[in-house]
Amino acid sequence: MGNTDKVSLDWSNLDFSYVETDYRYTARWQNGSWSEGELIESALMQVHEGSTVLHYAQSCFEGLKAQTAPSGEVLLFRPDLNCQRMARTTNRLLMPEVPESLFMNGILQTVRANAAWVPPYGSGASLYIRPFLVGVGENLGLRPAPEFEFRVFVSPVGPYYKGGGLNLIDLAVIDLDRAAPKGLGAYKAGANYAGGLLATRMAKELGAQEALYLDPAGHRFLEEAGSANIVLKMKDGRMVTPKSESILPSVTRRSVMTLAEDVLGLPVEERPVPFLEEVDDIEEFAACGTAAVISPVGKVRMNDHWYRFYGEGESIGPVTQQLYDRLTAIQKGEEADPYGWTVVV
Ligand code: PLP
Ligand code: COI
């Protein structure tokens with residue numbers, strides 16, 4: 001992407017809200033094959049009233065970000081992993097796989113066409129990219145849709161959680177499950193998020209930013225937050241992340257654990273974490289994801305008790321800070337990318 005005049009936005013004060021940009025990408029699956037994808041201007045979709053997406057939640061999505069590097073280049077972060085995850089989700093939901101060439105074309109063309117909306121380097125904002133796939137077309141009974149629409153839209157965004165950036169967030173364990181054993185927890189299915197709305201509201205009523213889920217079978221082991229995975233720096237120096245078959249395999253978490261091991265030299269473990277049994281061993285608690293980046297967690301509420309990981313007035317811990325710095329420096333092209341994680345748009 002070359003030099004582009006930017007639209008006039010207060011880049012440094014964006015939050016995580018939809019901003020309508022100029023173009024989006026669409027492709028349709030009909031009679032067993034994909035149409036040629038194209039850029040369009042309308043943000044509206046016209047779908048049949050019987051569409052499976054409207055009744056049976058036959059819908060999945062992905063989320064990734066584009067960021068401007070100091071050189072002016074625009075970088076994507078590990079888009080291949082989003083494409084693979086979407087393929088896993090589509091197989092689980094009996095939807096057609098979006099071929100990698102279509103997925104990547106959709107992202108690249110949408111970002112390029114909306115170059116004026118890509119936040120400039122140094123603004124602290126990024127361009128959030130939302131590829132999604134929905135079942136459409138005439139239907140009534142419970143079966144896969146006859147047709148599917150793949151779309152990609154983008155929106156410039158700031159921090160996901162209110163207060164933003166590296167401020168501490170709080171989480172609350174609510175008496176609701178996000179996922180069922182062998183259900184959809186490990187997939188980025190739209191249905192998971194409708195199911196989580198009430199838990200998020202209840203967590204907010206308790207003064208937290210988001211719900212924290214425990215394992216649905218026994219409610220003993222840590223799972224994840226409503227829109228982010230969990231990483232823990234333990235007092236014994238280890239970096240631990242919950243192992244579970246019902247959490248979304250996060251691209252950010254995978255990257256953070258690699259950096260913890262390679263760059264910070266910490267022993268890393270992915271294993272079941274019984275929360276109440278280990279809570280006193282946790283030194284730093286953080287939520288991580290594309291939207292959340294790495295958000296330090298100040299306290300967690302469970303059974304009417306707040307478990308604190310930081311004292312009053314304290315801010316982000318040193319390990320979380322280093323991981324945040326290393327990760328975002330690679331994402332923004334400020335530091336060498338020895339892993340080949342970034343892709344130039
Ligand atoms: N967990 C859930 C439920 C999410 O929605 C997300 C966001 O995508 C994540 C974790 C973090 O995943 P990633 O780092 O791939 O964005
Ligand atoms: C993301 O981090 O990309 C997500 O999809 C989370 C979403 C709930 C905003």
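All of these numbers come straight from a predicted model, not from anything done at the bench. All values below were derived from every heavy atom in this structure, side-chain atoms included, with hydrogens, water molecules and symmetry-related copies excluded. Counting convention: from 1, in listed order, for ligands and their atoms alike.
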Q: Quick one: look at A228 and ligand 1, take heavy-atom pairs under 4.0 Å, and tell me if it's side chain, backbone, both or neither.
A: backbone
Q | salt bridge (charged side-chain N to carboxylate O under 4.0 Å, His left out) evaluation trace for E278 with R271 | A | CA-CA 12 Å; E278 295 203 29; R271 60 165 174 82; 2.9 Å; yes
Q. So is R130 close enough to ligand 2, meaning a heavy atom under 4.0 angstrom away?
A. yes
Q: Check whether the ring centres of Y18 and F153 lie less than 6.0 Å apart, and answer yes or no.
A: yes
Q: List the closest protein heavy-atom neighbour of atom 2 (O) of ligand 2: residue, atom name, distance to the nearest 0.1 Å.
A: A291 N, 2.9 Å
Q: Could you list which atoms of ligand 1 come closer than 4.0 Å to a heavy atom of T252?
A: 13 (P), 14 (O)
Q. Is the closest heavy-atom distance from A291 to ligand 1 below 4.0 Å?
A. no
**Q.** Electrostatic pair E277-R220, nearest N-O below 4.0 angstrom
**A.** yes
Q: Around atom 6 (C) of ligand 1, find the nearest protein heavy atom and jot down its residue, atom name and distance.
A: S227 O, 3.4 Å
Q: Compute the shortest N/O to N/O distance between V251 and ligand 1 and return yes if it is under 3.5 Å, no if not.
A: yes
Q.
Please determine whether the number of non-hydrogen atoms from other residues, nucleotides or ligands lying under 6.0 Å from atom CD of E334 exceeds 12.
A. yes
Q. Which ligand 1 atoms does E224 reach within 4.0 Å, using its non-hydrogen atoms?
A. 1 (N), 2 (C), 3 (C), 10 (C)
Q | E224 bridged to R253 by N-O distance under 4.0 Å | A | no
Q: Number the atoms of ligand 2 from 1 as they appear, then name those within less than 4.0 Å of a heavy atom of F61, with their elements.
A: 5 (O)
Q: Could you list the atoms of ligand 1 found under 4.0 angstrom from a heavy atom of R85?
A: 12 (O), 13 (P), 15 (O)
Q) Is a side-chain donor-acceptor pair under 3.5 Å present for Y339 with D262? A) yes
Q: Would you mind running through ligand 2 and noting each atom that sits below 4.0 Å from a heavy atom of K188?
A: 4 (C), 5 (O)
Q: Look at K188 together with E62 and state whether they make a salt bridge at an N to O cut-off of under 4.0 Å.
A: no
**Q.** Any N or O of N82 closer than 3.5 Å to N or O of ligand 1
**A.** no
Q. With a 4.0 Å cut-off, would you call E269 and R238 a salt bridge?
A. yes
Q: Work out whether the distance between some heavy atom of E62 and some atom of ligand 1 is less than 4.0 Å.
A: no
Q) Within the side chain of S250, is there an N or O that forms a donor-acceptor pair under 3.5 Å with the backbone of T252? A) yes
Q) Numbering the atoms of ligand 1 from 1, which are under 4.0 Å from a heavy atom of N229? A) 1 (N), 10 (C)
Q: Using a strict cut-off of less than 4.0 Å between a Lys/Arg side-chain nitrogen and an Asp/Glu carboxylate oxygen, indicate whether D170 and K299 qualify as a salt bridge.
A: yes
Q: Identify, for atom 16 (O) of ligand 1, the protein heavy atom at the shortest distance, and state residue, atom and that distance.
A: T290 OG1, 2.6 Å
Q | From the candidates A225, S227, C288, the one that places a heavy atom nearest atom 6 (C) of ligand 2 | A | S227
Q) Side chain or backbone of E210 under 4.0 Å from ligand 2, or both, or neither, by non-hydrogen atoms? A) neither
**Q.** Atom indices of ligand 1 within 4.0 angstrom of K188 heavy atoms, with elements
**A.** 4 (C), 5 (O), 6 (C), 7 (C), 8 (O)
Q) Going by the order shown, which atoms of ligand 2 are within less than 4.0 Å of some heavy atom of Y128? A) 1 (C), 3 (O), 4 (C), 5 (O)
Q) Is it true that Y193 and F61 have ring centroids separated by less than 6.0 Å? A) yes
(Q) Could you check whether R28 pairs with E147 (Lys NZ or Arg NE/NH1/NH2 to Asp/Glu carboxylate O, under 4.0 Å)? (A) yes
Q: Please work out which of Y213, Y160, Y193 has its closest non-hydrogen atom nearest to atom 5 (O) of ligand 1.
A: Y193
Q.
Around atom CG of D175, are there more than 12 heavy atoms from other residues, nucleotides or ligands closer than 6.0 Å?
A. no
Q: Identify, by atom number and element, the atoms of ligand 1 in contact range of G226, meaning under 4.0 Å from any of its heavy atoms.
A: 3 (C)
